[in-house]
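First comes the structure, then the notes that go with it.
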Amino acid sequence: MTQQHDTIQITLEDGTRLDVPSGTTPLELVERAGVDVEPVIAVVDGELWDLTRPLERDATVGFRDAQSEEGLYALRHSAAHVMAEAICRLWPDAKLAYGPPTENGFYYDIYLEEPISSDDFPRIQKEMQKIIAEKRPFTRVELPPEVAMDRLREEDNKYKLDNAERALEAGDGVLSFYVTGTPGENWEDLCRGPHVPHTGYIGAPKVMSVAASHWHGDVNSDQFQRVYGTAFRTKAELKEYLNRLEAAKQRDHRVVGQKLGLFTIDEQVGPGLILWKPRGGRLRQVLQDFLTGELVRRGYQVVFTPHIGKIDLYKTSGHYPFYADSQFPPISLEDGEQYLLKPMNCPHHIKIFASDHYSYRDLPIRLAEFGTVYRFEQSGELQGMTRVRGFTQDDAHIFCTPEQVRDEFRATVELVQFVFRTFGFDDVSIRLSLRDPNSDKYAGDPALWDRAERELREVLEDMGIDFRAEEGEAAFYGPKVDFVVRDVIGRRWQLGTVQLDYNLPERFGIQYIGADNQAHRPVMIHRAPFGSMERFVAILIEHYNGAFPYWLAPEQVRVLPVSDKHAEYAADLGRRLIDRGVRAETDLRSETLSKKIREAQKMKIPVMLIVGDQEVESGTASPRLRSGEQLDALDWAALLAFLDEQDRDSRGSV
RNA sequence: GCUGACGUAGCUCAAUUGGCAGAGCAGCUGAUUUGUAAUCAGCAGGUUACCGGUUCGAUUCCGGUCGUCAGCUCCA
């Protein structure tokens, strides 16, 4: 293997060519060629590579610093090793499983009987600091598979053995270990690498949290303690990250929603059940009116259906057999009849369709409802308004002919895009959710599934939409296209969804009469641009940080009299605005103007109207915007024009 | 559901080793009549989530239940 005496040709990313002896490390290249950045990792022919790992053949070599994604990953991966070593020192019984870098840091899955708690973080961190201060090099040791496996068997660590087997199955010819220091003396870990040159590179590590996880993600398998941490090159970067986290917490919809009086959750009502307060209700009403207007324009018809249905309905639809566990238990009557809180609106809409005879000329039929559904989510899953047990979908079902599927599907995707554009969501990822061919949790004929999946994919491609196909994410009755956004914490949530369904029409035996005078099976499209009102509003709150644009704001205008003398004029102005459909309130308390402004500001009200002697005398009002901008006094006509303009300009598109 | 942490006034948070449960904001009352992010004073507000145990005495220690949070698993 060794070719120490040979010369190899290295091309740097800037095009510089160097002839160096085989076995030269990237770090030596840095010293020789001079590189602007402080590299922590190299990229050799597109593959991440230790700076200290010898180069033995011609290659293109680049360098990455700790601000780059690759560099940061490597640094955090190295930090994971340091943390694992620290934990092994403190708990010699700990068995390591798996410790990768993640988007915001890293974690290590560890099997250990004794629970690690946040009280232990300081001493873990202290051990890490010791290891970092020693600036021990990360040394790569490659072993032939048999030797490596023997070594792992000695360690009696089935998790690492399993990792190694998987690496070999994936085609790795050798297994690599990384020693933090000198082979044979220091701590080592089976690891593909790469790592930063030595522990001293990890300038600012922090142990963040601990939680349970499972081997291979299998609940029935061994349970690990997953210790999360993060690391940066410098303390300043860590501090900035922690500040960002803190700011994100303040933007959390649970915090903002509480401050702005939008919603509440009451233990006695039940976990995961949202109580919309008046301000939240107004916001929801605006959203509902906005969307209903769009739907009517696009040929939808509004329907209303009840919150429960007989259990047989859901046996026919498949909801009950497929998802009994995630439903509230059936309501049983004395005569033995059972009802279910509806987990979805589709069966009711199908029954509306089935109640009439349709010809192909009538299709598509588009039935829309803001329908409230109930799902018994596991207690550990509940989370503010984003994951709840009762929620209202902006649901609709399109019944169409097979020939109409593509056009209808395309139109619904365009509707979702229109909605998202209106609110200025730009960080939206689109997921094509397909069935898992190896699972039996899907209903119906595989041939129809193939057809539906193909149709979705082709329409998306036609539309030039970037999407990611993911197996196992489909609904039980059909594949779907999901619009996924991220909350302030970085968690991903599905909002809009469009689903193609050949199954439920079959299960319910619905039909229409075709041009050939024969009965045909319609195809269904399920779709919800918001997804759920609860989740959508949660994301909206975080998106705007509670500062809703004028057209959405629960309170658009607050009238502020300078003193009690102006109360009557202010109250009258407020009433006239309400008459005009403006969501206006008037602050008639005997407080100073400054205080009233401060509170209106804290409630993030877009427009304040200040009225004092001057305004009363001239019959005007002086706007102060949420931005702090003060405008000249406006008379009634000018004020209405100004508010209309606010309404128009605050919409993201239209 | 699992692991861990947490639960004190409407909200945000205090309370030495187990020793009479406190503050700010909000609320109420009064005074003040205010011109662009907090006027002043007073009052009231609690079965310390709930249930049980240890103790002369429990917000504090122990057990259980419920809920919240983080992650895992799940998510029609």
Side-chain angles (χ1 to χ4, degrees), chain A residues 102 107 109 115-120 208-221 223-228 249 252 254-255 258-259 261 264-268 270-272 314 317-327 342-347 373 375-384 386-389 393 433 441-443 472-478 480 482 489 491 493-494 497 499 501 503-504 526 535 560-567 589-602 608 610-615 622-626 628-631:
Chain A
T102 62
Y107 64 80
D109 278 345
I116 296 176
S117 91
S118 51
D119 297 340
D120 299 315
M208 301 292 288
S209 63
V210 59
S213 66
H214 299 92
W215 196 21
H216 298 165
D218 178 358
V219 192
N220 298 313
S221 189
Q223 187 165 67
F224 298 133
Q225 302 194 58
R226 176 172 293 181
V227 185
Y228 283 86
K249 237 187 249 172
D252 190 307
R254 290 165 293 193
V255 174
Q258 147 93 316
K259 280 186 189 158
T264 187
I265 299 171
D266 185 279
E267 281 187 27
Q268 207 173 4
Y314 301 103
S317 70
H319 291 102
Y320 191 66
F322 277 94
Y323 287 97
D325 287 350
S326 40
Q327 285 165 356
K342 69 176 172 189
M344 287 188 93
N345 300 302
C346 21
V373 298
R375 300 178 187 177
F376 191 78
E377 303 286 359
Q378 300 181 57
S379 60
E381 293 305 334
L382 299 175
Q383 208 242 55
T386 43
R387 192 78 187 267
V388 294
R389 284 184 174 161
Q393 295 178 311
S433 299
K441 65 171 189 173
Y442 303 99
E473 294 291 320
F476 76 86
Y477 47 74
K480 52 188 183 138
D482 297 319
I489 317 286
R491 288 178 288 219
W493 297 99
Q494 175 196 312
T497 181
Q499 316 177 348
D501 178 9
N503 267 304
L504 294 185
H526 310 234
R535 182 178 289 178
L560 305 181
V562 171
S563 81
D564 289 350
K565 280 188 297 190
H566 317 108
R589 298 171 307 159
S590 300
E591 298 287 353
T592 59
L593 179 63
S594 283
K595 177 150 182 171
K596 292 186 228 183
I597 287 173
R598 176 182 157 83
E599 290 182 4
Q601 203 73 50
K602 278 181 18 182
M608 294 168 225
I610 292 161
V611 293
D613 287 341
Q614 296 150 34
E615 288 80 8
S622 297
R624 179 194 208 273
L625 305 187
R626 184 165 54 194
E629 190 184 353
Q630 293 171 38
L631 305 180

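None of the values given here were measured: they were computed from a predicted structure. Here is the naming used below: chain letters follow the sequence lines, and residue numbers restart at 1 for every chain.
When heavy atoms are screened at a 4.0 angstrom cut-off, A/Gln383 is found touching the sugar-phosphate backbone but no base atom. A/Glu267 comes within 4.0 angstrom of sugar-phosphate atoms only, judged by non-hydrogen atoms across all strands, and of no base. At the heavy-atom level, A/Phe224 lies nowhere under 4.0 Å from the strands shown. Heavy atoms of A/Gly384 sit under 4.0 angstrom from primed sugar atoms or phosphate atoms, though from no base atom. Nucleic acid contact for A/Arg254: sugar-phosphate only, since backbone atoms but no base atoms lie under 4.0 Å from a heavy atom of the residue. Looking at heavy-atom distances under 4.0 Å, A/Val219 makes contact with sugar-phosphate atoms alone, never a base. If you check every strand for non-hydrogen atoms under 4.0 Å, A/Asp613 touches a base. Nucleic acid contact class of A/Gly217 (heavy atoms, under 4.0 Å, all strands): sugar-phosphate only. Residue contacts for A/Ser213: at a heavy-atom cut-off of 4.0 Å it reaches the sugar-phosphate backbone alone, with no base atom in range. Residue-level contact check: A/Glu615 touches the bases, meaning some heavy atom is under 4.0 Å from a base atom. Note on A/Leu382: only backbone sugar-phosphate atoms sit closer than 4.0 angstrom, heavy atoms only; bases stay farther off. Within 4.0 Å (heavy atoms only), A/Arg491 reaches sugar-phosphate atoms of the nucleic acid but no base atom. Looking at heavy-atom distances under 4.0 Å, A/Gln494 makes no contact with the nucleic acid at all. If you check every strand for non-hydrogen atoms under 4.0 Å, A/Gln327 touches a base.
Judged by Watson-Crick or G-U wobble contacts below 3.5 Å, the nucleotide B/G45 has no partner. Nucleotide B/C25 forms a pair with B/G10, judged by Watson-Crick or G-U wobble geometry with both contacts under 3.5 Å. Remark: B/U34 base-pairs with no nucleotide; criterion is Watson-Crick or G-U wobble with both hydrogen-bond distances under 3.5 Å. In this entry B/C61 has B/G53 as its Watson-Crick or G-U wobble partner, both defining distances falling under 3.5 Å. Base pairing analysis places B/A5 opposite B/U68; the two distances defining the Watson-Crick or G-U wobble pair are each below 3.5 Å.
With distances taken from any side-chain atom of A/Ser563 to the nucleotides B/G35, B/U34, B/G27, the minimum falls on B/U34. When the nucleotides B/U73, B/U34, B/G67 are ranked by their closest atom to the side chain of A/Thr592, B/U34 comes out on top. Of the candidate nucleotides B/U34, B/G35, B/C72, B/C72 has the atom lying nearest to any side-chain atom of A/Glu381. Each of B/U73, B/U36, B/A76 was ranked by its minimum atom distance to the side chain of A/His214; first place goes to B/U73. Side-chain atoms of A/Arg624 lie closest to B/U36 of the nucleotides B/G71, B/U36, B/A76.
Rounded to a whole angstrom, the distance from the P atom of B/U54 to that of B/G63 is 15 Å. Comparing the C1' positions of B/U73 and B/U55 gives a spacing of 42 Å, expressed to the nearest Å. Rounded to a whole angstrom, the distance from the C1' atom of B/G7 to that of B/U12 is 15 Å. The same atom, C1', is picked in B/U47 and in B/A5; the two are 26 Å apart, to the nearest Å. B/U29 and B/G67 have their C1' atoms separated by 37 Å, given to the nearest Å. Taking the C1' atoms as reference points, B/U33 lies 34 Å from B/G22, given to the whole Å. Across B/U59 and B/C75, the matching P atoms stand 44 Å from one another, rounded to whole Å. Separating the C1' atom of B/G27 from that of B/G64 is a span of 37 Å, rounded to the nearest Å.
The shortest distance between the side-chain N/O atoms of A/Ser379 and the OP1/OP2 oxygens of B/G1 is below 4.0 Å. Distances shorter than 4.0 Å separate some side-chain N or O of A/Lys595 from OP1 or OP2 on B/A26.
The aromatic rings of A/His319 and A/Tyr314 sit perpendicular to each other, their planes meeting at more than 60°, with 30° as the lower class boundary.
Taking the side chain as every heavy atom from C-beta outward, A/Arg589 and A/Lys596 approach each other to under 4.5 Å. No side-chain heavy atom of A/Ser213 sits less than 4.5 Å from a side-chain heavy atom of A/Gln223.
The six-membered or imidazole ring of A/Phe476 lies near that of A/Phe322, with a centre-to-centre distance under 6.0 Å.
How far OH of A/Tyr477 is from SG of A/Cys346: 5.0 Å, rounded to the nearest 0.5 Å.
A/Val373 and A/Asn345 make their closest contact through CG1-OD1, 3.6 Å (heavy atoms, listed as atom of the first residue, atom of the second, distance).
Using a cutoff of 4.0 Å between basic side-chain nitrogens and carboxylate oxygens, A/Arg387 and A/Glu377 are scored as salt-bridged.
Evaluation of A/Phe476 against the base of B/A76 yields no stacking contact (centre distance < 5.5 Å, interplanar angle < 30° required).
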